[in-house]
Amino acid sequence: LAVKWILNAVSTGAHIARGKVIENYMADVRISNDKLFHRAVNIVARFARVETRLARSSLIRAIYLVDDTETVDALETEEAETDHHHDPTVARHIAASSDRTRVVPLAILLA
């Protein structure tokens with residue numbers, strides 16, 4: 001147990017040094033599943049001080065590197081028409097973001 005605590009402390013220190021932590025939140029989250037996608041939306045909303053809808057839109061813009069509001073609006077409309085418990089569009093966003101870094105910090109800036 002002591003070894004785990006030490007390794008966690010070293011890992012946390014490394015993330016802080018690399019600028020991935022903001023106010024005790026791991027802000028530079030790699031979006032690899034549905035839970036982390038929604039966590040990223042909440043992080044963007046919290047630190048940009050915007051509504052969830054705008055945070056989600058900013059996250060999508062950061063994932064696809066688009067600033068075209070029509071593209072984002074089309075993605076948002078498609079998402080609104082799906083069942084939120086099993087959203088295939090979120091799975092597509094997760095796949096698109098899998099090889100990207102610093103998506104969440106960029107989304108915070110875009111919001």
Side-chain angles (χ1 to χ4, degrees):
L1 188 60
V3 172
K4 181 179 178 184
W5 286 348
I6 292 170
L7 292 175
N8 281 343
V10 169
S11 175
T12 300
H15 283 95
I16 291 169
R18 293 182 71 198
K20 294 182 176 274
V21 177
I22 302 172
E23 295 180 16
N24 294 329
Y25 280 85
M26 177 70 169
D28 193 9
V29 177
R30 182 170 296 265
I31 304 168
S32 59
N33 60 43
D34 191 71
K35 176 183 168 185
L36 292 175
F37 178 86
H38 294 288
R39 181 178 295 162
V41 170
N42 290 331
I43 289 170
V44 173
R46 176 185 174 91
F47 290 108
R49 293 183 174 93
V50 296
E51 294 180 11
T52 303
R53 184 183 53 73
L54 180 57
R56 184 178 177 121
S57 176
S58 298
L59 185 62
I60 292 168
R61 289 170 51 207
I63 289 170
Y64 294 102
L65 295 175
V66 297
D67 200 23
D68 179 11
T69 56
E70 291 178 10
T71 301
V72 174
D73 288 344
L75 290 168
E76 290 293 292
T77 302
E78 183 177 333
E79 288 174 4
E81 295 171 357
T82 63
D83 176 12
H84 290 289
H85 296 293
H86 180 67
D87 192 341
T89 309
V90 169
R92 186 167 19 120
H93 298 328
I94 293 166
S97 70
S98 65
D99 62 343
R100 302 270 334 276
T101 59
R102 302 210 179 263
V103 172
V104 176
L106 176 59
I108 292 169
L109 294 174
L110 291 173

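Numbers here are sequence positions counted from 1.
- In terms of heavy-atom proximity, V104 sits nearest to A40 at CG2-CB, 3.6 Å.
- In this structure, F37 and L59 have side chains that are in contact, with non-hydrogen atoms separated by less than 4.5 Å.
- A distance of 14.0 Å separates CG of L54 from CZ of R49, quoted to the nearest 0.5 Å.
- Hydrophobic clustering of Ile, Leu, Val, Met, Phe, Trp and Tyr side chains at less than 4.5 Å, counting indirect connections, unites V90 with V29.
- The side-chain contact (heavy atoms from CB on, under 4.5 Å) test applied to A111 returns V44, A48, V50, S58, not counting sequence neighbours.
- L106 belongs to a hydrophobic cluster whose remaining members, ordered by chain and number, are L65, L110; membership requires side-chain heavy atoms of ILVMFWY residues under 4.5 Å apart, directly or through intermediates.
- Cluster membership for I94 and I60, using ILVMFWY side-chain heavy atoms within less than 4.5 angstrom, is shared.
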Contacts table for residues 3-10: side-chain donor-acceptor under 3.5 angstrom, sequence neighbours left out:
none

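- Considering only heavy atoms from C-beta on, R30 comes within 4.5 Å of T101 through its side chain.
- The side-chain contact (heavy atoms from CB on, under 4.5 Å) test applied to A96 returns I63, Y64, not counting sequence neighbours.
- Under the 4.5 Å side-chain heavy-atom criterion for Ile, Leu, Val, Met, Phe, Trp and Tyr, V103 and V66 are members of the same hydrophobic cluster.
- Under a 3.5 Å cut-off, the side chain of R100 and the backbone N or O of A62 do form a donor-acceptor pair.
- When the side-chain contact (heavy atoms from CB on, under 4.5 Å) test is applied to N33, the partners found at least two apart in sequence or on another chain are K35, L36.
- Going from atom CZ of R102 over to atom CG of L109 covers 11.0 Å, rounded to the nearest 0.5 Å.
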